Amino acid sequence: MRVAPSPTGDPHVGTAYVALFNRTHARQGGGQFLLRIDDTDRSRYQATSEDQIFHALEWLGLNWDEGPDKGGPHAPYRQSERLEHYQSLIERLMASGHSYRCFCTADRISKLREDQKANKQRLGYDGACREISAEDSERRARDGESHVIRLKVPNSGETVFKDRLRGEIRVSNAEIDDQVLIKTDGFPTYHLANVADDISFGITHVIRAEEWLISTPKHVLLYEALDEPLPTFVHVSLLRNADKSKISKRKNPVSLNWFRQEGYLPEALLNFLALMGWAPEDDNEVFDMETFEEQFRIEKLSTGAPIFDMTKLDWLNGMHIRKLPIDTLADRILSEGFGPEGESKERILEILPMMTERLTRLGEFTDKTSWFFQTPEPPTKEDLIPKKSDAETSLSALKAASEFFGSLASFQHDAIASGLDDLISQHGWKKPFLFMPLRFALTSRKDSPDLIEVIGALGAQKSVERIDRACEILRE
RNA sequence: GGCCCCAUCGUCUAGUCAGGUCUAGGACAUCAGGUUUUCAUCCUGAGAACAGGGGUUCGAAUCCCCUUGGGGUCACCA
């Protein structure tokens with residue numbers, strides 16, 4: 001099994017999606033999972049992209065057995081480094097009459113296409129250069145005439161293959177274009193390089209996106225021309241935008257870098273991706289990769305068109321955050337750069353236990369805990385006065401609290417709780433009349449962890465300072 | 001437009017291959033309650049779907065056909 005991304009931009013979520021199924025299936029059967037870089041398009045090539053692919057897949061834990069960075073028995077794993085290989089293959093194809101040189105200019109091809117469009121004919125190459133004799137073809141090539149090499153698709157009959165998910169697929173050969181195999185620049189197209197490499201890598205299962213389904217007959221023809229056995233084809237449904245079109249960066253975040261930067265956990269993203277096309281038998285939708293490997297069955301992949309709706313991802317991320325040991329979570333926050341500037345793991349650990357159930361993405365950590373790491377902007381007067389209360393009540397509540405905390409010998413959760421309850425009953429306040437001004441005084445925000453824990457985290461001195469500061473604001 | 005693929009709650013899906021146990025199950029989201037000092041977590045509950053039409057059959061979400069809808073693809077991009 002393999003995954004074969006192109007280094008043409010940011011590492012794509014679709015790559016991870018397909019890699020997940022390939023890798024999992026490989027591991028289940030004791031097979032190898034390879035990473036191949038499909039870099040035959042020089043014009044779209046981006047030098048930094050390859051490294052990013054490595055890093056993104058490593059981040060996800062979708063590690064490969066063989067690849068450009070690891071080497072392996074089938075090296076090299078970059079298509080741009082396998083040119084001789086394609087050359088020898090094309091010689092076989094030429095010799096057996098399965099391919100031919102085409103000297104048509106780009107100009108002629110585009111005119112041809114326009115005519116076909118105007119006459120509402122099927123779009124495709126008309127096979128003009130098929131008729132050129134072998135001698136002429138050789139000579140013109142030797143003379144340096146620019147040309148491509150095309151696949152000679154039979155004029156009649158049909159090409160049939162089986163897709164593991166969709167059953168038998170038959171396409172009339174008349175519908176299949178004489179696909180370019182070698183471009184003018186001497187580089188192979190995807191179709192040739194992909195088949196050539198899958199053969200020489202010994203790929204037994206081609207699990208890839210549905211968009212390739214329609215070009216699979218071309219690949220089948222190539223396998224047949226080369227007299228090689230067909231792999232098992234599995235075309236997985238395309239991830240979709242909300243409007244059902246194929247997922248795109250204009251309508252969705254698709255860069256794996258983005259998910260990492262937002263603070264999605266790799267285990268959550270993988271879990272989510274797995275759920276886009278597969279369902280566990282036991283209704284337990286929160287699972288790790290180990291469980292997934294045990295349960296996944298390729299034939300249970302669904303054929304629908306999953307809309308990439310991150311609502312569930314957010315929920316899953318929260319679930320995975322809460323499943324992580326607190327120490328590990330702290331490490332993640334730190335290593336992924338979500339910790340507040342210059343803060344130690346010890347400091348983060350002081351606040352983290354009360355934050356886990358309030359985090360959906362790691363990226364929220366700094367903002368939601370800023371009151372702990374630094375003195376926040378003071379709350380406004382309005383903040384300090386809850387609905388149905390007034391400035392006077394808030395002020396006396398805060399003063400009472402200030403005195404209470406000032407006299408505190410040590411932090412004991414239950415003692416503080418009962419102390420505050422006493423204050424409330426003494427004065428006949430509603431609970432929010434004390435707690436809300438206190439919350440704003442201490443954190444300057446309306447959502448926070450349990451207040452008594454907040455006080456414990458802050459310590460009596462800081463707490464009193466902030467309460468006194470809030471009293472000043474109320475007096476203004 | 002040609003060709004190919006697909007079609008169950010708003011979303012992800014189970015059930016479809018081996019038709020009855022499906023008054024269609026679960027999850028997310030939504031809404032309503034509960035817990036509660038806020039937010040969140042957690043718990044309980046509610047609403048919410050077999051695209052339509054024909055067949056086949058005692059019986060169809062499940063099989064067949066048509067229609068409709070959606071998507072993909074028609075590059076010297078992958």
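Lettering of chains follows the sequences in order, A, B, ..., and the numbering in each one begins at 1. Predicted model, so just to flag it, every value in this text is computed and none were measured.
Interface remark: the R166(A) side chain does not form any donor-acceptor pair with the rC5(B) base, using a distance-only criterion of under 3.5 Å. With hydrogens and angles ignored, no donor-acceptor pair closer than 3.5 Å exists between the side chain of K312(A) and the base of rA29(B). Side-chain N/O atoms of E210(A) and base N/O atoms of rG71(B) include no donor-acceptor pair closer than 3.5 Å.
Classification of K162(A) and E168(A) as a salt-bridged pair fails, no side-chain N sitting under 4.0 Å from a carboxylate O. E81(A) has a carboxylate O that lies under 4.0 Å from a charged side-chain N of R78(A), or vice versa, which qualifies the two as a salt bridge.
With RNA chain B read from its 5' end, the first of the two nearest nucleotides for T8(A) and I307(A) is the one closest to I307(A). Mapping E168(A) and D309(A) onto RNA chain B by nearest heavy atom places E168(A) closer to the 5' end of the strand.
Distance, M310(A) CE to rC12(B) P: 15 Å, rounded to whole Å. Between the CD atom of Q121(A) and the C1' atom of rC74(B) there is a distance of 14 Å, rounded to whole Å. In this structure, L275(A) atom CG and rA27(B) atom C1' are separated by 8 Å, rounded to whole Å. rA27(B) atom C1' lies 14 Å from atom CG of L313(A), rounded to whole Å. Taking atom CZ of residue F287(A) and atom C1' of nucleotide rC28(B), one finds them 14 Å apart after rounding to whole Å. Taking atom NZ on K162(A) and atom P on rC4(B), their separation rounds to 18 Å, with Å as the unit. Distance D198(A) CG to rA78(B) P: 15 Å, rounded to the nearest Å. For D314(A) and rC39(B), the CG to P distance is 20 Å, given to the nearest whole Å.
Within 4.0 Å of R445(A), counting heavy atoms only, lies no atom of the nucleic acid at all. Nucleic acid contact for G277(A): sugar-phosphate only, since backbone atoms but no base atoms lie under 4.0 Å from a heavy atom of the residue. If you check every strand for non-hydrogen atoms under 4.0 Å, S448(A) touches a base. Using a 4.0 Å heavy-atom cutoff across all strands shown, S237(A) reaches no nucleic acid atom at all. At the heavy-atom level, W212(A) lies under 4.0 Å from base atoms of the strands shown. Residue contacts shown for E175(A) are limited to sugar-phosphate atoms, with no base heavy atom under 4.0 Å away. Using a 4.0 Å heavy-atom distance criterion, V148(A) is classed as a base contact. Among the protein residues, T184(A) comes within range of the nucleic acid bases, having at least one heavy atom under 4.0 Å from a base atom. Counting non-hydrogen atoms under 4.0 angstrom, R122(A) reaches nothing in the nucleic acid. Using a 4.0 Å heavy-atom distance criterion, K120(A) is classed as making no nucleic acid contact. Among the protein residues, P449(A) comes within range of the nucleic acid bases, having at least one heavy atom under 4.0 Å from a base atom. Across all strands, T360(A) comes closer than 4.0 Å to no nucleic acid atom at all (heavy-atom distances). Residue L238(A) is in sugar-phosphate contact alone, with no base atom involved, counting any heavy-atom pair closer than 4.0 Å across all strands shown.
Nucleotide rC4(B) forms a Watson-Crick or G-U wobble pair with rG71(B), both donor-acceptor distances falling under 3.5 Å. Taking a pair to require two hydrogen-bonding distances under 3.5 Å in either a Watson-Crick or a G-U wobble arrangement, rC39(B) remains unpaired. When Watson-Crick and G-U wobble pairs are counted only if both distances are under 3.5 Å, rU56(B) pairs with no nucleotide at all. Across every strand in view, rU44(B) sits in a pair with rA32(B) that passes the Watson-Crick or G-U test at under 3.5 angstrom.
Closest approach to the L123(A) side chain among rA78(B), rC42(B), rC74(B) is made by rC74(B) (side chain taken as heavy atoms from C-beta onward). Closest to the side chain of T311(A), from the set rC3(B), rU38(B), rC28(B), is rC28(B). Of the listed nucleotides (rC5(B), rU38(B), rU13(B)), rU13(B) has the atom at the smallest distance from the side chain of A279(A). Each of rU38(B), rC42(B), rC5(B) was ranked by its minimum atom distance to the side chain of M319(A); first place goes to rC42(B). The side chain of I214(A) has rG72(B) as its nearest neighbour among rA40(B), rG72(B), rC28(B). Counting only heavy atoms from C-beta on, D41(A) has its side chain closest to rA78(B) among rA78(B), rU38(B), rC28(B). Set against rA27(B), rU38(B), rU13(B), the side chain of S302(A) has rU13(B) as its closest nucleotide. Here the side chain of T303(A) is nearest to one of rA40(B), rG71(B), rC6(B), namely rC6(B). For P306(A), the listed nucleotide lying nearest its side chain is rU13(B); candidates were rG72(B), rU13(B), rA78(B).
Nucleotides rC22(B) and rC50(B) are separated by 10 Å at their C1' atoms, to the nearest Å. A gap of 14 Å separates the P atoms of rU8(B) and rC63(B), to the nearest Å. Taking the P atoms as reference points, rU30(B) lies 34 Å from rU73(B), given to the whole Å. Nucleotides rC39(B) and rA32(B) place their P atoms 14 Å apart, quoted to the nearest Å. Between rA49(B) and rC9(B), the distance separating the two P atoms is 9 Å to the nearest Å. Taking the C1' atoms as reference points, rG25(B) lies 28 Å from rU68(B), given to the whole Å. For the P atom pair drawn from rA75(B) and rU21(B), the interatomic distance equals 49 Å after rounding to whole Å. A gap of 48 Å separates the C1' atoms of rU23(B) and rC74(B), to the nearest Å.
Between W212(A) and Y190(A), the distance from one ring center to the other falls under 6.0 angstrom. Ring to ring, Y17(A) and F272(A) are not that close: their centroids are 6.0 angstrom or more apart. Here F187(A) and Y86(A) keep their ring centres 6.0 angstrom or further from each other. Between W278(A) and F287(A), the ring center distance clears the sub-6.0 Å criterion.
The phosphate of rC74(B) has neither OP1 nor OP2 within less than 4.0 Å of any side-chain N or O from S215(A). Put simply, K300(A) has a side-chain N or O that comes within less than 4.0 Å of OP1 or OP2 on rG15(B). For T189(A), no side-chain nitrogen or oxygen approaches OP1 or OP2 of rC77(B) to under 4.0 Å. A close approach under 4.0 Å does not occur between any side-chain nitrogen or oxygen of K183(A) and OP1 or OP2 of rA75(B). When the side-chain nitrogen and oxygen atoms of R113(A) are compared with OP1 and OP2 of rA75(B), one or more of them lie within a distance under 4.0 Å.
Taking every heavy atom of both residues into account, L256(A) and A56(A) meet most closely at CD1-CB, 3.7 Å. Considering every non-hydrogen atom in both H235(A) and E210(A), the closest pair reads CB-CA, 4.1 Å.
Listed for the D390(A) side chain is a donor-acceptor partner under 3.5 Å among the backbone atoms of E392(A). D282(A) contributes a side-chain N or O that, together with a main-chain N or O of N284(A), makes up a donor-acceptor pair within less than 3.5 Å.
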